[in-house]
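To start, the structure itself, in structure tokens.
Below, each value reflects all heavy atoms present in this structure, side chains not excepted, and no hydrogens, waters or symmetry copies.
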There are 2 protein chains.
Amino acid sequence: MLKLTKKADYGLMALKYLAEHPETAALSAKDIADAYGIPAQLLAKILQQLTKAGLLRSHAGMNGGYALSREAREISAYEVIHAIDGPFFITSCTKGSKSCELTPSCTIKEPLARVNETIAGVLKSISIQDLTEQEHPAGHAQEASRLIFLTL
Amino acid sequence: MLKLTKKADYGLMALKYLAEHPETAALSAKDIADAYGIPAQLLAKILQQLTKAGLLRSHAGMNGGYALSREAREISAYEVIHAIDGPFFITSCTKGSKSCELTPSCTIKEPLARVNETIAGVLKSISIQDLTEQEHPAGHAQEASRLIFLTL
DNA sequence: GCAATATCCGACTGGTTCAGTCCGCGTTTA
DNA sequence: TAAACGCGGACTGAACCAGTCGGATATTGC
């Protein structure tokens, strides 16, 4: 449970790959898929979703492909996941669902909603750029999580 | 995506209910299920899992049922979720899986593993007791998440 | 213009997981 | 002894995920 779908994984990998190859004008879905050994057609659909969400710019035709629409530092992991898997909620019933109004049961939801926001905040603080800096050099992400642990 | 299973939800609700009724020696699965309007047989299985995990104490026979095996403050949401849904990982391939060793693809995993730990840390910091204090009175959880947002 | 290379998009399938149910067994107490 | 309760395996239907197929459209190079 609580795991990313493979699609979201692939999406993050693809964006990271694009961030690592800024010199090329555009990379095709097949290029990226081959680099990681993932199904090309599946990745293609994912990249289409990311394009529709405005995270990528696409270009059809020969030598076409995809490129980041913003700087890698300006794209958060949260945006990627959200674009692919849709809005996520830890609570199984979102506000407005009937199942919870009938039974005044879910007093649990309030604290969990706060957890949800916390997780979203963490994901928003991590950029594609952070993913490319696989080594320790005190990126945003690492500092943040260290601080979090100190405060808990 | 990234949502708790209903089972985990039910488990948290049940523990919260038990924490709110410390005077009674034991509550049956049916009692709790009726209180929240959830399927009794399903809840029963969940409570059994929590018992096996050591979070609850069970007592068979008439007037039997379940009771917390520790103080509500000493039981974390993480333990409950872990007991019901098993260990969770954000990354789709855990360490040791073959699919990732073949392709040296997953340089993404390291940062995501850190996110995973962060989330686990947040869940560990929330106790059943915190769930019962639905109002604001500056419980652990709230303070923690406020600090997190400041640091990010 | 034509063919190759791309993105784009809907439909489909097989597999897995989740939610929930059924049923029989062991245990405790009145 | 019978009722109330926990225990645990097996099963079903529904939903979702991963991946594939097929075709339409756009762009480029020759």
Gap between atom [atom2] of [Y] and atom [atom1] of [X] - 0.5 Å precision:
| X | Y | atom1 | atom2 | answer |
| --- | --- | --- | --- | --- |
| A:Asp31 | A:Tyr17 | CG | OH | 7.0 Å |
| B:Leu4 | B:Ile81 | CG | CD1 | 4.5 Å |
| A:Ile119 | A:Glu117 | CD1 | CD | 10.5 Å |
| A:Thr51 | A:Ile46 | OG1 | CD1 | 11.5 Å |

Rounded to the Å, how far apart are [X] [atom1] and [N] [atom2]?
| X | N | atom1 | atom2 | answer |
| --- | --- | --- | --- | --- |
| A:Arg57 | C:dT7 | CZ | P | 16 Å |
| B:Leu43 | D:dC5 | CG | C1' | 14 Å |
| B:Asp85 | C:dC18 | CG | P | 7 Å |
| B:Leu56 | D:dG6 | CG | P | 11 Å |
| A:Lys30 | C:dA4 | NZ | P | 16 Å |
| A:Ile38 | D:dT20 | CD1 | C1' | 15 Å |
| A:Gln49 | D:dA18 | CD | C1' | 13 Å |
| A:Leu4 | D:dA18 | CG | C1' | 15 Å |

- Query: Partners of B:Arg70 by salt bridge (charged side-chain N to carboxylate O under 4.0 Å, His left out), sequence neighbours excluded?
  - Reply: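 Per chain and number, B:Arg70 pairs via salt bridge (charged side-chain N to carboxylate O under 4.0 Å, His left out) with B:Glu79.
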- Smallest separation among heavy atoms of A:Ala25 and A:Ala67, with atom names: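 In this case the closest contact between A:Ala25 and A:Ala67 is O-CB, 3.4 Å.
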- Side chain of B:Leu42: nearest nucleotide among D:dA18, D:dC7, C:dT21?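 Per side-chain heavy atoms of B:Leu42, the pick is C:dT21.
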- Item | Proximity to the side chain of B:Lys6 - top-ranked nucleotide from D:dG19, C:dA19, C:dT7 |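 The closest nucleotide is C:dA19.
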- Examine distances only and state if a side-chain atom of B:Thr132 and a backbone atom of B:Glu20 form a donor-acceptor pair shorter than 3.5 Å.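 Judged by distance alone, no pair lies under 3.5 Å.
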- Indicate yes or no for a side-chain donor-acceptor contact from B:Ser69 to the backbone of B:Leu55 under 3.5 Å, with no hydrogens or angles considered.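 The answer is yes, because a donor-acceptor pair under 3.5 Å joins these two groups.
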- Message: If you assign B:Ala44 and A:Lys7 each to the DNA chain D nucleotide with the nearest heavy atom, which residue ends up on the more 5' nucleotide?
- Response: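 The 5'-side residue here is B:Ala44.
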- What residues in residues 59-70 of chain A put a non-hydrogen atom under 4.0 Å from any atom of DNA chain D?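 Of all residues in residues 59-70 of chain A, the ones placing a heavy atom under 4.0 Å from DNA chain D are A:His59, A:Ala60, A:Gly61, A:Met62.
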- Which part of the nucleic acid, if any, lies within reach of B:Ala29 when heavy atoms closer than 4.0 Å are counted: base, sugar-phosphate only, or nothing?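 The answer is sugar-phosphate, as B:Ala29 gets under 4.0 Å only of primed atoms, P, OP1 or OP2.
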- Check whether any side-chain heavy atom of B:Leu18 lies under 4.5 Å from a side-chain heavy atom of B:Leu56, and answer yes or no.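 Yes; the side chains approach each other to less than 4.5 Å.
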- B:Tyr10 side chain near C:dG20 phosphate (N/O to OP1/OP2, under 4.0 Å):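 Yes, within the criterion.
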- Query: A:Ser58 side chain N/O closer than 4.0 Å to the phosphate oxygens (OP1, OP2) of C:dC8?
  - Reply: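 So the side-chain polar atoms of A:Ser58 do come within 4.0 Å of the phosphate oxygens OP1 or OP2 of C:dC8, strictly under.
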- Summary of protein contacts for nucleotides 9-14 of chain C, nucleotide by nucleotide, where a base hit scores B, a sugar-phosphate-only hit scores S (4.0 Å, heavy atoms): BBB---
